[in-house]
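Here the structure is laid out as structure tokens; the discussion comes afterwards.
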Amino acid sequence: MVQLGLIGLGKMGFNMRERLRAAGHEVVGYDRNPDVSDTTSLEDLVSKLDAPRIVWIMVPAGEPTRATVTELSNLLAAGDMVIDGGNSKYTDDKLNADLLAAKSIGYLDCGVSGGVWGKENGYGLMVGGAASDVEKAMPIFDALRPDGPREEGFSHAGDVGAGHYAKMIHNGIEYGMMQAFAEGFELLEAAKVVKDVPAVIKGWQRGTVVRSWLLDLLVRALDEDPELDDLEGYVEDSGEGRWTLEEAINNAVPAPVISAALFARFASRQEHSAAMRAVAALRNQFGGHAVKKVGG
């Protein structure tokens, strides 16, 4: 049994706490929502942990994570360890590690995949940091990862920053896969050759080269809403797709699929696209092609 402090009990953090407790570990959680929190403050959380302490952070990337790490640096002691399991940009990890190292506090960055299904299915984990720190936290990782061979749900990706870097690329790939399924769905719907689109997509779940968990989730969504007309086609991005493309540019690696998927998300937010209005105007000017007037 391992004792863990867990900061951030939202959709992911709450389920992680439940999975860890089900595995027999003691988890002391803190969240700003008192209805789910086990403690009243970070100071209270740290006081309830036995040294050497391990504290896992699951809060939004950027300033919320940086502020949490800074506060913990003043509450923890030499020999303790912090794990950032959020979606931080990998360049933030060295800043966090250096801040904590000044007080001999260890640091690991952990990319976590699994979403709201992780409580039951386990989480894919990608970890960056020193091997000795990874070993200390391994009972936690083993409880969170899916059942089966460790190497199929957990990886020690490299030094500090490598875990979040791996998760960033994972999410970039995810963007491309989701967009491909979405475009296939739209084409099946638009062509009117296929009479039962949900049945075709469900039929891809076994024996085909595109079978995957994402496909299973699309089937689930179509079971609930066969034409997906209860939803608006507005899609946000978490930032990791953008960071992936930054890395592609920095390393001169072509990434046309991921870039197209990200730009498609941008397009989904434009109710009236200035660019498309310009395209329509140009087609009308050079070819006399019909245009649709606003309100017409």
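Because the structure is predicted, anything quoted here is derived from the model rather than measured.
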* Has the side chain of Arg19 got a donor or acceptor atom that lies under 3.5 Å from a matching backbone atom of Ala143? -> yes

* Is the shortest side-chain N to carboxylate O distance from Lys94 to Asp98 below 4.0 Å? -> yes

* If Ile, Leu, Val, Met, Phe, Trp and Tyr residues are connected whenever their side-chain heavy atoms lie under 4.5 Å apart, and connections chain through other members, are Met126 and Val160 in the same group? -> no

* Is Trp213 atom CH2 crowded by more than 12 heavy atoms from other residues, nucleotides or ligands, each under 6.0 Å away? -> yes

* Asked: With distance as the sole test, does Glu71 use its side chain to make a donor-acceptor pair with the main-chain N or O of Leu42 at under 3.5 Å?
  -> no

* Pro139 side chain near His25 side chain, heavy-atom distance below 4.5 Å -> yes

* Would one find more than 12 heavy atoms of other residues, nucleotides or ligands at under 6.0 Å from atom CD of Glu135? -> no

* Before giving the answer on side-chain contact (heavy atoms from CB on, under 4.5 Å), spell out for Trp204 and Val219 the whole-Å C-alpha distance, their side-chain angles and the decisive distance to 0.1 Å. => CA-CA 10 Å; Trp204 292 344; Val219 168; over 6 Å; no

* Asked: Do Asp237 and Arg269 sit within salt-bridge range, that is, some charged N less than 4.0 Å from a carboxylate O?
  -> yes

* Once you round to the nearest 0.5 Å, how far does CD1 of Ile140 lie from CE of Met81? -> 6.5 Å

Using residues 84-92 as the side-chain source, report each donor-acceptor pair under 3.5 Å to any protein atom, sequence neighbours left out, with the distance given to one decimal.
unit_1: Asp84; atom_1: OD1; unit_2: Gly86; atom_2: N; d: 3.0
unit_1: Asp84; atom_1: OD2; unit_2: Ser88; atom_2: OG; d: 2.6
unit_1: Asn87; atom_1: OD1; unit_2: Lys167; atom_2: NZ; d: 3.2
unit_1: Lys89; atom_1: NZ; unit_2: Glu246; atom_2: OE1; d: 2.9
unit_1: Tyr90; atom_1: OH; unit_2: Glu247; atom_2: OE1; d: 3.4
unit_1: Tyr90; atom_1: OH; unit_2: Glu247; atom_2: OE2; d: 2.9

Solution key, residues 256-268 side-chain donor-acceptor pairs under 3.5 Å, sequence neighbours excluded:
unit_1: Ser259; atom_1: OG; unit_2: Ala255; atom_2: O; d: 3.1
unit_1: Ser259; atom_1: OG; unit_2: Pro256; atom_2: O; d: 3.0
unit_1: Arg265; atom_1: NH1; unit_2: Glu236; atom_2: O; d: 3.1
unit_1: Ser268; atom_1: OG; unit_2: Val235; atom_2: N; d: 2.9
unit_1: Ser268; atom_1: OG; unit_2: Arg265; atom_2: O; d: 2.6

* Asked: Is there a donor-acceptor pair closer than 3.5 Å between any side-chain N or O of Thr39 and the backbone N or O of Gly29?
  -> yes

* To do: Using modelled atom types only, decide if a donor and an acceptor are shared between the side chain of Asp44 and the backbone of Lys48 within a distance under 3.5 Å.
  => no

* Taking only residues two or more places apart in sequence, or in another chain, which ones meet Phe154 in a ring-ring contact (aromatic ring centres under 6.0 Å, His included)? -> Phe141

* Structure fact -> Note: with side-chain heavy atoms under 4.5 Å as the link, the other cluster members for Leu95 come out as none

* Linking I/L/V/M/F/W/Y whenever their side-chain heavy atoms sit closer than 4.5 Å, directly or via other members, would Ile83 and Tyr30 fall into one cluster? -> no

* **Cluster check Leu45, Ile105: I/L/V/M/F/W/Y, side chain < 4.5 angstrom** => yes

* **Atom pair CG (Leu222) and CZ (Arg220), whose distance is rounded to the nearest 0.5 Å** => 12.0 Å

* Using a strict 4.0 Å threshold on nitrogen-to-oxygen distance, state whether Arg17 and Asp38 make a salt bridge. => yes

* Asked: Distance-only, no hydrogens or angles: does the Asp109 side chain make a donor-acceptor pair with backbone N or O of Asp93 under 3.5 Å?
  -> no

* Is there a chain of hydrophobic side chains (I, L, V, M, F, W, Y, each step under 4.5 Å between heavy atoms) that links Leu75 to Val28? -> yes

* To do: Count the heavy atoms of every other residue, nucleotide or ligand shown that sit under 6.0 Å from CD of Glu224, and state whether that count exceeds 12.
  => yes

* **Heavy-atom side-chain proximity of Asn74 to Lys103 below 4.5 angstrom** => yes

* Treating Ile, Leu, Val, Met, Phe, Trp and Tyr as nodes and any side-chain heavy-atom pair under 4.5 angstrom as an edge, say whether Val27 and Leu49 lie in one connected cluster. => no

* For atom CD of Gln270, decide whether the heavy atoms of other residues, nucleotides or ligands shown that lie under 6.0 angstrom number more than 12. => yes

* To do: For the residue pair Thr244 and Tyr175, establish whether any side-chain heavy-atom pair is separated by less than 4.5 Å.
  => no

All N/O donor-acceptor pairs, side-chain side in residues 51-65, below 3.5 Å, sequence neighbours left out:
unit_1: Arg53; atom_1: NE; unit_2: Val46; atom_2: O; d: 3.4
unit_1: Arg53; atom_1: NH1; unit_2: Asp80; atom_2: OD2; d: 2.7
unit_1: Thr65; atom_1: OG1; unit_2: Pro60; atom_2: O; d: 2.8

* Could you tell me whether the side chain of His156 and the main chain of Gly158 form a donor-acceptor pair under 3.5 Å? => yes

* By ring-ring contact (aromatic ring centres under 6.0 Å, His included), which residues pair with Phe181, not counting sequence neighbours? -> none

* Mind checking the NE2-CD spacing from His170 to Glu174? Nearest 0.5 Å is all I need. => 5.5 Å

* Evaluate whether atom CZ of Arg32 has more than 12 neighbouring non-hydrogen atoms of other residues, nucleotides or ligands under 6.0 angstrom away. => no

* **Side-chain touch Val112/Cys110, heavy atoms, less than 4.5 angstrom** => yes

* Asked: Does atom CG of Asp147 have more than 12 heavy-atom neighbours from other groups under 6.0 Å away?
  -> no

* Okay, side chain of Asn171, backbone of Glu240: is any donor-acceptor separation there less than 3.5 Å? -> no

